[in-house]
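Report on one structure; see the data block that follows.
Scope of the values below: all heavy atoms of this structure, side chains included, with no hydrogens, waters or symmetry mates. The chain is numbered in sequence order, starting from 1.
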Amino acid sequence: MGRNRKSKRKKANGSGNNPGQAYNHFIKALYVLLGKYNAQKSYVYLSNEEKRYIYAFRWVVPVPVAAEGHDVSQAQLKRIGKYIQMYLRTDSHKFREVMLTAYELQVLYSFVLVINQFISSDSRREFLCQKFPFVRTMGDLIDDVGILYLCNFLKVSTSLSCVNSRHYALNFRFGSLVKDNPVFEMIPQVSSYPAQSKVIPINGIERRVFRLGASYSRGKVRFYRLRAGVLGNHYKGRNESVEVYIQSHALNRLNERLDLLDEPGLNYSLWDNTENMKGFEFYRGYLLLPFRLYEIKIGYLAANVVKGVLVFRTFLFITHSSTPEGDRLKEITGLEKNDISYWRLDRLSTLLQADAEKYPGLMELFEQAGMGEILQLREKNLDLQSMQSANFERFMDYIQQGQNESVVEEL
């Protein structure tokens, strides 16, 4: 028996076909927000007309659209939109000592705006300011809301962009203003860029490598160039900077060895560790770029300069030979390369799920080899949002500065 067929179209403001439900969700969020400012009891002093007016000044983020000239499938637009809404409603950050999601911050913006600017009666405005005293200290929040929304857009693009397939970058445009409708509509625009790759002969074998890059600003993707001076004697050319690539082998090893991370988590971690490439270590003929989660070193991207470009050829877990820590572990224990693989000591899951009480000697060996801090990851959540939230200030700086002051140059 067939189902009743109903229209699946949604209104542009993202409220679906039930405006009343959207209003109820907003008002519930307002009530919860007031609780964070110890003002929930004063909620009863808001008239229905005032609540409707606060709702009228809300921010709305509809389903993303493809930027002009960019081919993005409806399925991918839907996926990107799902991630955006998830971040706006669940990713909390401290705003003036209060933990708020981006959605709650825009509710606060609407609330403060209406009380400060759209209450016609001076006595009524003074009364509400007495009942909600935090309003007096807020000022204009529009820039704060905008920056936090853009920060969430960047989080989405860094988690869904795959260096060996497609890069995504998000910008936005404001919806057309409609008479008597002050809704602030922020429409995400998705730009899509195919991966850049080429074939390079490495050790006599043709290898395909993919150029590293990331979402930057205004819907653009920046493909990295690294200042040649960072490479020391490994680069003997005349160019001031070199392009940066990564082999499929390195991507496969990241996926294999960081086995507690899903694809978006791996995409984000690669961005986090290569967007600002500093602190290369020169070891046994390799250029080693430390790879970190929560600022804790878990391994290295191993690179060589090949045909005038920097190529990350593999990912070495911190227990592997050819890393400083791995070689120390080998000296201390006598473990060989095959032993590390056999006992799966080159997997993030093995180290973090090992019973420290059952194997205290093993934990002590890690400490002696200089890799003890990796065990601190046991106390962390290795889900995507937790990792990104721990790096919130970096996202904010990336948005506000519009460019990196690092060894990575804009193309």
Set of residues satisfying ring-ring contact (aromatic ring centres under 6.0 Å, His included) with respect to Tyr87, sequence neighbours excluded: none
Sequence-distant partners of Tyr37, ring-ring contact (aromatic ring centres under 6.0 Å, His included), two or more places apart: Phe134
Arg347 to Phe317, cation-pi by 6.0 Å centre distance and 45° axis angle: no
Charged tip of Arg58 within 45° of Tyr55 ring normal and under 6.0 Å: yes
Closest contact, heavy atoms only, [X] versus [Y]:
| X | Y | answer |
| --- | --- | --- |
| Phe315 | Ile298 | CZ-O, 4.4 Å |
| Arg125 | Ile119 | NH2-O, 2.6 Å |
| Pro188 | Pro62 | CD-O, 3.6 Å |
| Arg378 | Leu352 | NH1-O, 3.5 Å |
| Leu288 | Ser322 | CD1-O, 3.8 Å |
| Arg96 | Thr137 | NH1-O, 3.4 Å |

Do you see a donor-acceptor pair shorter than 3.5 Å between the side chains of [X] and [Y]?
| X | Y | answer |
| --- | --- | --- |
| Tyr45 | Glu50 | no |
| Arg225 | Ser241 | yes |
| His70 | Ser192 | no |
| Asn164 | Ser197 | no |
| Gln76 | Ser73 | no |

For [X], is the [atom1] atom crowded, meaning more than 12 foreign heavy atoms sit under 6.0 Å from it?
| X | atom1 | result |
| --- | --- | --- |
| Tyr31 | OH | no |
| Lys198 | NZ | yes |
| Arg238 | CZ | no |
| Glu68 | CD | no |

[Y] backbone acceptor or donor facing [X] side chain under 3.5 Å:
| X | Y | answer |
| --- | --- | --- |
| Asn239 | Val242 | no |
| Ser349 | Asp259 | no |
| Lys220 | Ala169 | no |
| Asn273 | Ser269 | yes |
| Ser42 | Lys131 | yes |
| Glu325 | Met371 | no |
| Ser161 | Tyr168 | yes |
| Asp346 | Thr319 | no |
| Glu240 | Ala228 | no |
| Asn304 | Val306 | no |

NZ/NE/NH1/NH2 to OD/OE distance under 4.0 Å, [X] and [Y]:
| X | Y | answer |
| --- | --- | --- |
| Glu256 | Arg253 | yes |
| Glu281 | Lys297 | yes |
| Arg136 | Glu126 | yes |

Can you tell me how far apart [atom1] ([X]) and [atom2] ([Y]) are? Round to the nearest 0.5 Å.
| X | Y | atom1 | atom2 | value |
| --- | --- | --- | --- | --- |
| Leu212 | Met277 | CG | CE | 6.5 Å |
| Glu243 | Arg211 | CD | CZ | 4.0 Å |
| Thr323 | Lys330 | OG1 | NZ | 11.0 Å |
| Phe95 | Leu105 | CZ | CG | 5.0 Å |
| Leu348 | Leu254 | CG | CG | 11.5 Å |
| Tyr83 | Ser157 | OH | OG | 12.5 Å |

Close aromatic pair by centroid cut-off 6.0 Å: His320 and Tyr300: no
Phe174 ring center within less than 6.0 Å of Phe184 ring center: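 When the ring centroids of Phe184 and Phe174 are compared, they turn out to be within the sub-6.0 Å range.
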What I'd like to find out is whether the side chain of [X] reaches to under 4.5 Å of the side chain of [Y], using heavy atoms alone.
| X | Y | result |
| --- | --- | --- |
| Leu316 | Tyr283 | no |
| Asn152 | Ile84 | no |
| Val65 | Leu77 | no |
| Tyr103 | Phe26 | yes |
| Val61 | Gln85 | yes |
| Leu377 | Leu351 | no |
| Leu293 | Leu261 | yes |
| Leu46 | Leu30 | yes |

Intermediate values then yes/no, ring-ring contact (aromatic ring centres under 6.0 Å, His included), Phe118 and Phe57: CA-CA 11 Å; Phe118 292 94; Phe57 280 91; 4.7 Å; yes
Residue that, paired with Ser389, satisfies side-chain hydrogen bond (donor to acceptor under 3.5 Å, both in side chains) out of Asn381, Thr90, Asp91: Asp91
Sole residue of Asn233, Leu287, Leu231 in side-chain contact (heavy atoms from CB on, under 4.5 Å) with Phe282: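 The residue from Asn233, Leu287, Leu231 that satisfies side-chain contact (heavy atoms from CB on, under 4.5 Å) with Phe282 turns out to be Leu287.
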